Engineer: 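Quick one: the structure is below, and I'll ask about it shortly.
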Amino acid sequence: MAGRVAIITGGARGIGFACVQRFLDDGYRVMLADRDEYAGQEAINTLDMPESRLAFLHCDVADRLSVHNLVAETLSAFNQIDVLINNAGIVARGGALDVSEADFDRVLAVNLRGAFLVSRAVARHMVETLDKADDRSGLRLPNYNIINISSINAKVAIADNLAYNVSKGGMNQLTRSMALELAPKAIRVNAIGPGSVRTDMLASVVDDEDAMGKIYSRTPLGRIAQPSEIASVAAFLAGDDASYVTGEIIYVDGGRLALNYVMPPRTGAGS
Ligand SMILES: NC(=O)c1ccc[n+]([C@@H]2O[C@H](COP(=O)([O-])OP(=O)(O)OC[C@H]3O[C@@H](n4cnc5c(N)ncnc54)[C@H](O)[C@@H]3O)[C@@H](O)[C@H]2O)c1
């Protein structure tokens, strides 16, 4: 994958950061985009890569101008975009009876509208690049693709996470719809639906024995995932081994969606 360029949103932490690490290991040049300037700079310092391999841009995916700037700055730094990972995401508590309109809008703006805005901007660039190529008949097509980080909550709901469930359900349809639209250009669009992953998003429950017990009771593999276990699936989807995969949602959930009963209690379950 040497020389290919990936944009990874929400790349300063958690799953996004693991994707940045994995894609750098695989030889990609990476634009790490995050709205948290401090965490972004810290990530860059930790990774300690030359500017020719890694750049950070402060970007709010919910803001169209910020997204426009992300594409422009990536092209200015690396001259091409091969892969986009829409990973930036947030949660807000509340069901239909009590979630505030502001929280509903905030979650949808980042998780769904944000993914749409970045996908649209990147896809327009990809299509323009393909259309500009004079004669593609003898050339190998670039392996352009978009990966959305969805969730099992696109399929199964948590009652007091209404906005999040809705946003991820929408993201799955964004994935399928764009996959069909871009297939004639050989641009692939897929999603990953993680179960429970050890990141800041899960920080409120990892030290809570009861909450973790509930997670284990519905997770056949009996542990939560490491962020690198999501990044490895993203690396597969982005690469040539997935050249015939598009419009697909891959659930990386330790068997959770396959389960039709509750797992027996586990003592000393792995983390
Ligand atoms: N952790 C889990 O268990 C889990 C499970 C399923 C799906 N996911 C999804 O994976 C993705 C990453 O989650 P995580 O657990 O690593 O979260 P996290 O909170 O650890 O990291 C999210 C990153 O996104 C950034 N971000 C948030 N809003 C942004 C915006 N508007 N623009 C740019 N960056 C923004 C944050 O600053 C942060 O660096 C999310 O889309 C989340 O919904 C996580």
Side-chain angles (χ1 to χ4, degrees), residues 7-22 31-44 46 56-70 73 84-92 103 105-119 121 147-158 161 163-172 174-175 191-206 211-212 214-215 218-219 223-231 233-234 249-254 256-257 271:
I7 294 178
I8 302 175
T9 71
R13 287 200 201 84
I15 293 170
F17 183 71
C19 288
V20 172
Q21 285 182 305
R22 174 61 193 250
M31 174 59 85
L32 188 168
D34 204 290
R35 75 168 173 196
D36 186 332
E37 181 103 43
Y38 180 78
Q41 289 298 348
E42 217 175 32
I44 292 285
T46 305
F56 164 65
L57 188 74
H58 176 257
C59 170
D60 179 353
V61 297
D63 180 74
R64 192 170 54 82
L65 285 181
S66 190
V67 167
H68 180 80
N69 191 41
L70 170 61
E73 288 294 325
L84 163 66
I85 304 185
N86 281 310
N87 165 78
I90 56 172
V91 280
D103 275 353
D105 288 347
R106 199 165 55 84
V107 172
L108 270 287
V110 176
N111 297 8
L112 185 55
R113 187 169 181 275
F116 158 65
L117 288 176
V118 189
S119 295
I147 299 166
N148 294 323
I149 306 298
S150 180
S151 166
I152 55 163
N153 295 125
K155 273 190 95 112
V156 291
I158 298 175
N161 266 350
Y164 186 78
N165 303 332
V166 170
S167 71
K168 296 299 186 180
M171 191 180 227
N172 282 11
L174 177 74
T175 304
I192 298 172
S196 301
V197 188
R198 184 173 286 277
T199 70
D200 287 356
M201 196 174 265
L202 219 69
S204 61
V205 298
V206 283
M212 289 309 285
K214 278 186 195 156
I215 288 178
R218 51 185 196 245
T219 309
R223 62 181 180 84
I224 59 176
Q226 294 298 331
S228 60
E229 294 177 288
I230 311 304
V233 178
I249 322 290
I250 299 185
Y251 291 99
V252 184
D253 64 355
R256 192 144 145 196
L257 290 179
S271 58

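Just so it is clear, the values below take in all heavy atoms, side chains as well, and ignore hydrogens, waters and symmetry mates. Atoms within a ligand are numbered from 1 in the order they appear, just like the ligands themselves. These figures come from a predicted structure and were not determined experimentally.
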Engineer: What protein heavy atom sits nearest atom 32 (N) of ligand 1, and how far away is it?
Structural biologist: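 Result: Val61 N, 3.1 Å.
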Engineer: Measure the distance from atom 22 (C) of ligand 1 to every protein heavy atom, then report the residue, atom name and distance (to 0.1 Å) of the closest one.
Structural biologist: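 The protein heavy atom lying closest is Gly89 O, 4.1 Å.
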Engineer: Can you figure out which of Asp253, Asn87, Val197, Asn148 has its heavy atom closest to atom 2 (C) of ligand 1?
Structural biologist: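 When every heavy atom of Asp253, Asn87, Val197, Asn148 is considered, Val197 comes closest to atom 2 (C) of ligand 1.
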Engineer: Could a heavy atom of Ser196 be found less than 4.0 Å from some atom of ligand 1?
Structural biologist: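 Ser196 counts as a contact of ligand 1 under the 4.0 Å cut-off.
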Engineer: Testing Arg256, Arg218, Arg223 one by one against Ser196 for a side chain to side chain donor-acceptor pair (under 3.5 Å), which residue passes?
Structural biologist: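 Answer to the side chain to side chain donor-acceptor pair (under 3.5 Å) test with Ser196 among Arg256, Arg218, Arg223: Arg256.
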Engineer: Return the residue, atom name and 0.1 Å-rounded distance of the protein heavy atom closest to atom 34 (N) of ligand 1.
Structural biologist: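 The closest one turns out to be Arg35 N, 3.3 Å.
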Engineer: What protein heavy atom sits nearest atom 35 (C) of ligand 1, and how far off is it?
Structural biologist: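 The closest heavy atom on the protein side is Ala88 CB, 3.6 Å.
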Engineer: Which residue holds the protein heavy atom closest to atom 38 (C) of ligand 1, what is that atom called, and what is the gap in Å?
Structural biologist: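 Of every protein heavy atom, Arg13 NH1, 3.1 Å lies nearest to atom 38 (C) of ligand 1.
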Engineer: Evaluating non-hydrogen atoms only, which member of Asp36, Ile152, Asp34 is closest to atom 36 (C) of ligand 1?
Structural biologist: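 That would be Asp34.
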Engineer: Using heavy-atom distances only, which candidate in Tyr164, Tyr251, Phe17 approaches atom 42 (C) of ligand 1 most closely?
Structural biologist: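 Of the listed residues, Tyr164 has the closest heavy atom.
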Engineer: Just let me know how Ile15 lines up against ligand 1, side chain, backbone, both or neither, with a heavy-atom cut-off below 4.0 Å.
Structural biologist: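 Both of them.
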Engineer: Would you kindly specify which portion of Ala39 sits under 4.0 Å from ligand 1, judged on non-hydrogen atoms: side chain, backbone, both or neither?
Structural biologist: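 Answer for Ala39: neither.
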